[in-house]
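Single-structure report; data block below.
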Amino acid sequence: MLDDGVQRWHLEECRQVAPLFKHPFHQENWRATLRSAAVIFGLTGRVQEVIGQYEQKARDARLLLNRSAGTQTVAVLRIYSGGIMLYGCEGLGYTGEVLHRDLGLQPHHLVRQLCRGRKQVNLSGEALAQLTADHLFITFDRQMGGGRELLETPLWRKLPAVRSGCVYEMDFMAWMNYGVMSHQRKIADVLQVLA
């Protein structure tokens with residue numbers, strides 16, 4: 001099952017291995033994507049159960065995090081050799097819906113300001129210096145490579161979350177993805193470091 005990436009990634013040769021289904025991709029709406037996949041496999045009766053289990057897990061986590069993190073702020077950075085991307089809130093991007101909507105974590109004011117209506121933005125050094133979030137979730141872009149050199153710079157070391165030991169490196173594939181399994185992983189990761 002492939003989405004429109006079949007052309008972008010030249011995956012037509014997959015037809016030689018197995019039947020190929022072009023699957024609609026609903027971006028942030030992983031529930032709609034799951035429902036579409038369930039139709040293909042004849043598992044529509046199972047979808048609501050899976051969604052319900054996720055939502056219960058998110059509610060339970062939200063209660064724990066409300067007590068442990070309270071009003072502390074968070075931000076997500078995707079770091080690569082060419083720069084830094086700050087991920088948004090308002091239910092956009094790979095992390096916004098899970099962290100802010102489902103788990104109730106407070107986005108840092110810079111996230112609200114720079115990412116309004118956008119999934120992510122490239123973050124300048126000047127903007128990074130203003131990122132005073134209490135907690136930073138970071139991931140290194142495997143496809144773009146590099147980026148670890150940022151962690152050795154004076155600019156990085158001055159960030160409040162870095163000074164207080166509240167920077168958490170997360171798995172790139174789990175955090176830069178949509179879907180129930182990726183989102184459950186994000187919840188588990190957040191609980192491990194903040195609850």
Side-chain angles (χ1 to χ4, degrees), residues 3-5 8 24-34 51 54-55 57-59 61-62 65-66 69-144 146-147 150-151 155-156 159-162 166-194:
D3 65 11
D4 288 333
R8 181 174 56 234
F25 183 52
H26 301 279
Q27 299 289 337
E28 284 83 5
N29 190 346
W30 64 267
R31 290 166 180 86
T33 300
L34 186 63
I51 292 171
Y54 169 83
E55 290 173 349
K57 183 178 284 197
R59 278 191 298 273
R62 185 182 185 119
L65 292 166
N66 189 38
T71 59
Q72 296 175 22
T73 59
V74 302
V76 176
L77 299 175
R78 179 178 183 170
I79 303 168
Y80 61 103
S81 60
I84 307 162
M85 284 187 272
L86 175 68
Y87 274 76
C89 52
E90 301 174 0
L92 296 174
Y94 298 117
T95 60
E97 179 181 4
V98 178
L99 297 185
H100 308 303
R101 200 178 280 169
D102 295 347
L103 299 180
L105 295 173
Q106 298 302 309
H108 183 263
H109 71 85
L110 202 61
V111 175
R112 292 180 198 265
Q113 177 186 339
L114 297 179
C115 296
R116 179 165 290 135
R118 300 169 73 185
K119 295 178 185 186
Q120 81 273 340
V121 295
N122 286 319
L123 202 58
S124 67
E126 182 181 327
L128 178 62
Q130 299 172 32
L131 189 57
T132 58
D134 298 301
H135 303 277
L136 292 177
F137 294 95
I138 65 171
T139 189
F140 292 90
D141 191 321
R142 292 181 187 170
Q143 294 173 339
M144 303 291 276
L150 172 70
L151 306 184
L155 174 62
W156 179 260
L159 296 177
V162 174
C166 296
V167 177
Y168 319 104
E169 184 176 341
M170 299 300 163
D171 179 73
F172 177 77
M173 290 307 290
W175 278 63
M176 295 293 116
N177 229 316
Y178 300 105
V180 68
M181 291 173 59
S182 291
H183 290 351
Q184 286 174 340
R185 170 72 183 271
K186 290 169 197 150
I187 291 172
D189 288 347
V190 168
L191 287 174
Q192 184 174 357
V193 296
L194 295 185

Donor-acceptor check, side chain of [X] to backbone of [Y], threshold 3.5 angstrom: yes or no?
X      : Y      : result
Arg62  : Arg101 : yes
His100 : Leu105 : yes
Thr73  : His108 : no

Taking the six-membered ring for Trp and the full ring for Phe, Tyr or His, determine whether the centres of Trp30 and Tyr54 are under 6.0 Å apart.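 Yes - the distance between ring centres of Trp30 and Tyr54 falls below the 6.0 Å cut-off.
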Are the ring centres of Tyr80 and Phe140 closer than 6.0 Å?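 No, the ring centres sit 6.0 Å or more apart.
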How long is the gap from CG on Leu155 to CD on Glu126, to the nearest 0.5 Å?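 The CD atom of Glu126 is 10.5 Å from CG of Leu155, to the nearest 0.5 Å.
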Nearest-0.5 Å distance that lies between atom CG in Leu136 and atom CH2 in Trp156: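 Going from CG on Leu136 over to CH2 on Trp156, the span is 5.0 Å.
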Which pair of non-hydrogen atoms, one from Leu159 and one from Leu131, has the smallest distance, and what is that distance?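 Closest pair (atom of Leu159, atom of Leu131, distance): CD2-O, 3.7 Å.
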For Asp134 and Ala161, which heavy atoms make the closest approach, and how far apart are they?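 Where Asp134 meets Ala161 most closely, the heavy atoms are O-CB, 3.7 Å.
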Parallel, tilted or perpendicular: which describes the rings of Phe137 and Trp175, with under 30° parallel and over 60° perpendicular?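 Phe137 vs Trp175 ring planes: parallel.
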Could you tell me whether Lys57 atom NZ has more than 12 heavy atoms of other residues or ligands within 6.0 Å of it?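 No.
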Has Arg59 got more than 12 heavy atoms of other residues, nucleotides or ligands less than 6.0 Å from its CZ?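 Atom CZ in Arg59 is crowded, with more than 12 foreign heavy atoms closer than 6.0 Å.
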With a 4.5 Å limit on heavy-atom distance, are the side chains of [X] and [Y] in contact?
X      : Y      : value
Thr139 : Tyr94  : no
Gln120 : Arg78  : no
Arg31  : Glu55  : yes
Ile187 : Asp102 : no

